[in-house]
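The first residue in the sequence is number 1, and the count goes up from there.
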Amino acid sequence: MIEDKEIKKRELKDRIIVTADLDEKNAPRSRRRQNVNFFVERGRFILLLLALITAFTVVFTLIKRYKSYDKFKLKWIHELSEGSLVGYEKLGNGFLKYSKDGALYLKPGGKEVWIESYEMSNPKTDNNGKYVIIFDVGGNDLESYTKDGRVAAIGTDLPILKAVVSKTGIITILVEDSNSTYIFFYNKEGEQLNISIKSKLAGDGFPTDIALSPDGTALMATFQYLKGSSMMGRVVFYDFSEIGQNMPNRVVGGFDEEFVSSMVARVRYFDKINSVAIASDGLYFFSSKNVASPKLIKTIKAEEDIEAVDFEGNKLCVVYKNTSEKFNHTLYIYSKTGDVILKKEFLGDFSNLDMQKGYIYLTKDDKAIIMNTAGVIKYSGSLDSNIHKIVKRGLLSGFTILGDNDFRGIVLK
């Protein structure tokens with residue numbers, strides 16, 4: 001009997017479920033459920049966050065691209081030091097303010113960084129990224145600057161007609177005497193290089209513009225000359241690499257027939273290969289893919305007078321006169337090969353055209369037309385300050401106005 005009782009106790013004990021053991025066995029499964037729920041919730045949160053970011057980006061892009069404004073709010077004014085002013089050039093992340101007696105480098109908010117002095121009667125500029133040059137048309141002086149200050153000062157024996165600078169700092173200066181014109185080359189330190197081009201006014205004609213390739217190895221020049229009683233145009237390509245050294249006077253290409261009775265006013269390189277000549281009768285796009293033999297790849301005849309041109313990177317902006325009843329201007333943006341990127345008719349008056357960072361600024365005195373490169377006029381009207389330059393600042397509708405005596409921050413509303 002006693003033995004039977006002991007046997008039954010052991011059987012009962014074996015059937016008893018220990019709670020701690022049960023918890024221990026079930027714990028891993030519970031944690032797995034919690035982990036699964038955590039990842040599901042986190043996935044939902046990430047998807048929701050991505051959806052919100054996408055929606056915000058779309059709204060932000062649409063507002064930035066298509067919203068127009070009819071008012072502005074003045075946010076701040078930074079007074080500039082007294083002094084004469086001719087204009088401003090973008091340099092580094094700031095601006096070079098230049099006048100007849102010196103140059104002043106300013107931060108975007110108007111704070112002065114450095115100042116350099118000179119004396120010029122008719123200062124003009126050329127800007128190619130890292131370098132800005134200021135030269136005295138009709139005079140003999142040229143200054144070259146980076147954001148860190150003056151890097152070269154050049155004096156010429158003959159009066160300067162035009163000067164340009166490449167992205168590498170190579171400087172080309174066009175000068176003249178009573179019978180000829182000369183093109184001289186200088187390195188970024190201002191030392192004259194053993195390269196020059198002489199053109200006789202009686203035979204070659206009078207040069208109207210010059211342009212340097214970004215690396216400074218190629219030059220494009222335009223001339224006007226008389227043939228009988230007609231004024232003719234000419235575009236000439238020079239090369240100063242090993243390819244051009246075997247060519248007479250370094251000439252690798254010349255175009256005359258295309259510019260019969262045409263005035264060629266501007267030339268420009270977009271990059272080492274692509275360039276453009278702007279004439280009174282239209283636009284001429286060239287390719288120097290074969291350095292030894294440049295080709296005219298596209299001609300766009302002007303149906304109306306060309307009023308203004310400007311460049312930014314690989315784009316060309318041209319404003320033509322419009323004689324319709326509704327508009328008085330037509331604006332085009334072309335690619336480096338002459339493809340039309342934008343056509344926009346608009347109404348208004350302007351004397352200066354400036355294209356930069358996705359915006360086009362058409363200004364006159366205190367009035368401005370601000371247009372983006374999608375053709376949307378963001379603002380048209382007075383900005384209550386004589387405008388020399390406008391630059392985009394901020395995410396949406398913020399701009400900085402560079403004026404006679406101050407920088408002004410505004411927000412379009």
Side-chain angles (χ1 to χ4, degrees), residues 59-74 261-266 268 276-285 298-392 396-403 410-413:
V59 172
F60 176 82
T61 302
L62 290 174
I63 291 175
K64 184 178 180 181
R65 191 173 181 86
Y66 296 108
K67 184 173 175 58
S68 296
Y69 306 86
D70 55 11
K71 298 178 181 178
F72 73 92
K73 181 178 180 180
L74 181 64
S261 302
S262 178
M263 174 75 176
V264 189
R266 292 284 302 275
R268 176 83 172 215
V276 65
I278 300 167
S280 56
D281 63 344
L283 312 175
Y284 298 80
F285 293 85
K298 192 166 191 175
T299 301
I300 300 175
K301 290 297 184 180
E303 296 181 3
E304 299 289 348
D305 293 340
I306 296 175
E307 298 182 297
V309 298
D310 195 33
F311 301 87
E312 185 193 22
N314 290 330
K315 296 178 182 177
L316 164 65
C317 182
V318 181
V319 179
Y320 299 90
K321 185 177 180 180
N322 188 323
T323 56
S324 69
E325 294 182 0
K326 191 174 181 181
F327 304 104
N328 59 349
H329 309 286
T330 304
L331 182 147
Y332 279 86
I333 297 179
Y334 300 97
S335 72
K336 63 183 181 181
T337 54
D339 296 325
V340 176
I341 298 173
L342 172 70
K343 177 185 177 182
K344 175 70 176 181
E345 296 179 303
F346 67 96
L347 180 66
D349 293 324
F350 74 96
S351 56
N352 298 297
L353 168 66
D354 187 19
M355 179 171 64
Q356 51 173 307
K357 293 186 176 180
Y359 284 87
I360 301 158
Y361 306 98
L362 302 123
T363 60
K364 182 179 181 180
D365 300 326
D366 66 327
K367 295 179 175 58
I369 299 170
I370 301 175
M371 182 190 307
N372 64 20
T373 50
V376 177
I377 295 178
K378 310 294 285 183
Y379 179 84
S380 180
S382 174
L383 292 175
D384 294 344
S385 175
N386 191 42
I387 304 163
H388 285 271
K389 198 175 188 67
I390 305 176
V391 293
K392 183 73 182 73
L396 285 175
S397 59
F399 295 86
T400 299
I401 311 301
L402 282 59
I410 65 167
V411 174
L412 302 180
K413 300 179 65 179

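Note that the CE atom of Met355 and the CG atom of Leu331 stand 8.5 Å from one another [nearest 0.5 Å]. Separating the CD1 atom in Ile377 from the OG atom in Ser68 is a distance of 7.5 Å, to the nearest 0.5 Å. To the nearest 0.5 Å, atom OG1 of residue Thr363 and atom CG of residue Leu383 are 9.5 Å apart. Here the straight-line distance linking atom CG of Asp349 with atom CG of Asn328 works out to 6.0 Å at 0.5 Å rounding. Atom OG of Ser351 is separated from atom CG of Asp365 by 6.5 Å, given to the nearest 0.5 angstrom.
Note on Lys389 versus Asp354: salt bridge recorded, some NZ/NE/NH1/NH2 to OD/OE distance being below 4.0 Å.
In this structure a side-chain-to-backbone donor-acceptor pair under 3.5 Å is missing from Gln356 to Tyr361. A distance-only check finds no donor-acceptor pair linking the side chain of Asp281 to the backbone of Ser262 [under 3.5 Å]. A donor-acceptor pair is defined here as one N or O able to donate and one able to accept, closer than 3.5 Å; no such pair exists between the side chain of Thr400 and the backbone of Val391. Looking only at distances, a side-chain donor or acceptor of Lys298 sits under 3.5 Å from a matching main-chain atom of Gly338. In this structure, the side chain of Glu312 engages the main chain of Lys357 through a donor-acceptor pair within 3.5 Å. The backbone N or O of Asn314 lies less than 3.5 Å from no partner atom in the side chain of Lys336, so there is not a single donor-acceptor pair.
Between Ser397 and Lys392, the shortest heavy-atom distance links the atoms N-NZ, 4.1 Å. Pairing each heavy atom of Tyr359 with each of Lys378, the nearest pair is CE2-CG, 4.1 Å. For the pair Val276 and Leu316, the tightest heavy-atom approach, listed with the atom from each and the gap, is CG2-CD2, 4.3 Å. Closest heavy-atom contact between Ser385 and Gly403: OG-CA, 4.5 Å. Taking both residues in full, the closest heavy atoms of Lys367 and Ile387 are given as O-CD1, 3.7 Å, listed atom of the first, atom of the second, then distance. Ile369 and Gly348 make their closest contact through CD1-CA, 4.1 Å (heavy atoms, listed as atom of the first residue, atom of the second, distance).
Ring-plane geometry between Tyr334 and Tyr332 is classed as parallel, the angle between the planes falling under 30 degrees on a 0 to 90 degree scale with a further cut at 60.
For Phe399 and Tyr379, the ring centers sit 6.0 Å or farther from each other.
The shortest distance between side-chain heavy atoms of Asp384 and Leu74 does not fall below 4.5 Å. At a threshold of 4.5 Å between non-hydrogen side-chain atoms, the residues Asn372 and Tyr66 do not count as touching. Contact annotation: the side chain of Glu303 never approaches that of Thr330 to less than 4.5 Å [non-hydrogen atoms, C-beta and beyond].
Under a cut-off of 6.0 angstrom, the local environment of NZ in Lys326 is sparse, with at most 12 non-hydrogen atoms contributed by other residues, nucleotides or ligands.
Taking the centre and axis of the six-membered ring of Tyr69, the NZ or CZ atom of Lys71 falls outside the cone set by 45° and 6.0 Å.
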Subject >> From CA spacing to verdict: side chain to side chain contact (heavy atoms under 4.5 Å, CB included), Ile360, Lys344 >> reply: CA-CA 12 Å; Ile360 301 158; Lys344 175 70 176 181; over 6 Å; no

**OP:** Start with the C-alpha distance between Tyr284 and Val264, add both sets of side-chain angles, then the distance that settles side chain to side chain contact (heavy atoms under 4.5 Å, CB included), and finish with yes or no.
**Re:** CA-CA 10 Å; Tyr284 298 80; Val264 189; over 6 Å; no

**OP:** Would you please test Val318 and Ile278 for side chain to side chain contact (heavy atoms under 4.5 Å, CB included) and show each step?
**Re:** CA-CA 10 Å; Val318 181; Ile278 300 167; 5.5 Å; no

Original post:
Can you check side chain to side chain contact (heavy atoms under 4.5 Å, CB included) on Leu283 and Val309, steps first, answer last?
Top reply: CA-CA 11 Å; Leu283 312 175; Val309 298; 5.6 Å; no

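A search for side-chain hydrogen bond (donor to acceptor under 3.5 Å, both in side chains) contacts involving Lys413 returns nothing, not counting sequence neighbours. Applying the side chain to side chain contact (heavy atoms under 4.5 Å, CB included) criterion to Asp366, with sequence neighbours excluded, gives Ser382.
Test Glu345, His329, Glu307 against Asn322 for side-chain hydrogen bond (donor to acceptor under 3.5 Å, both in side chains) and you get one pass: Glu345.
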